[in-house]
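To start, the structure itself, in structure tokens.
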Amino acid sequence: MNTTFITRLTRSVLPVALLAMTAGWQAPALAATNCAGGTCVFGGTGNDAMTNEEARQSKEQWNETQRLRAMKNQRNEKDFSKYDNSIDLRDKCEASQNINAYWEPNTERCLDRRTGRQLLAP
């Protein structure tokens with residue numbers, strides 16, 4: 001009877017003990033790598049001034065990269081708007097009542113077949 005009680009107690013307490021031990025192990029590890037904010041600087045036995053300078057340079061490089069990405073995205077939006085306007089003008093030219101109007105794909109303009117001049121309002 002006594003061995004049965006110990007066996008049952010071991011089976012019920014062992015998983016709880018393992019779970020508590022795992023949680024106790026992970027808490028210090030997570031606290032050591034918790035970085036609030038942008039750049040993480042870890043203190044240690046090394047040269048703190050050099051570590052702070054490296055972190056500052058890394059953050060500066062990140063900001064510059066982000067600025068360049070924003071400029072590239074603005075340029076892509078501008079090119080898309082230009083392309084979108086070209087398609088709208090082509091559709092207007094092709095739907096025009098003027099039978100002499102045609103769309104020139106190389107110059108992306110609506111031209112008059114007789115004169116070759118650009119039609120301002122097709």
Is any side-chain heavy atom of [X] closer than 4.5 Å to a side-chain heavy atom of [Y]?
X: Asn98; Y: Leu119; answer: yes
X: Arg90; Y: Glu94; answer: yes
X: Trp103; Y: Leu89; answer: yes
X: Arg75; Y: Met71; answer: no

Answer yes or no: are there more than 12 heavy-atom neighbours, outside Arg113 itself, under 6.0 Å from its atom CZ?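 Yes - once you tally the heavy atoms of other residues, nucleotides and ligands closer than 6.0 Å, there are more than 12.
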| CG/Leu68: more than 12 non-hydrogen atoms of other groups inside 6.0 Å |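 Counting other residues, nucleotides and ligands, CG of Leu68 exceeds 12 neighbours.
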Measuring from [X]:[atom1] to [Y]:[atom2], what's the distance to the nearest 0.5 Å?
X: Ile87; Y: Lys92; atom1: CD1; atom2: NZ; result: 13.5 Å
X: Gln118; Y: Leu111; atom1: CD; atom2: CG; result: 6.5 Å
X: Phe80; Y: Asn73; atom1: CZ; atom2: CG; result: 14.0 Å
X: Glu60; Y: Thr65; atom1: CD; atom2: OG1; result: 10.5 Å
X: Ser96; Y: Asp91; atom1: OG; atom2: CG; result: 12.5 Å
X: Cys93; Y: Glu104; atom1: SG; atom2: CD; result: 10.5 Å

(Q) What verdict does the side chain to side chain donor-acceptor pair (under 3.5 Å) test give for Gln57 and Gln61, after you've listed the backbone C-alpha separation in whole Å, the side-chain angles of each residue and the deciding distance to 0.1 Å? (A) CA-CA 6 Å; Gln57 288 177 358; Gln61 182 180 6; over 6 Å; no
- Item | Lys/Arg cation over aromatic Trp62: Arg69, 6.0 Å, 45° cone |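 Yes, Arg69 sits over the ring of Trp62.
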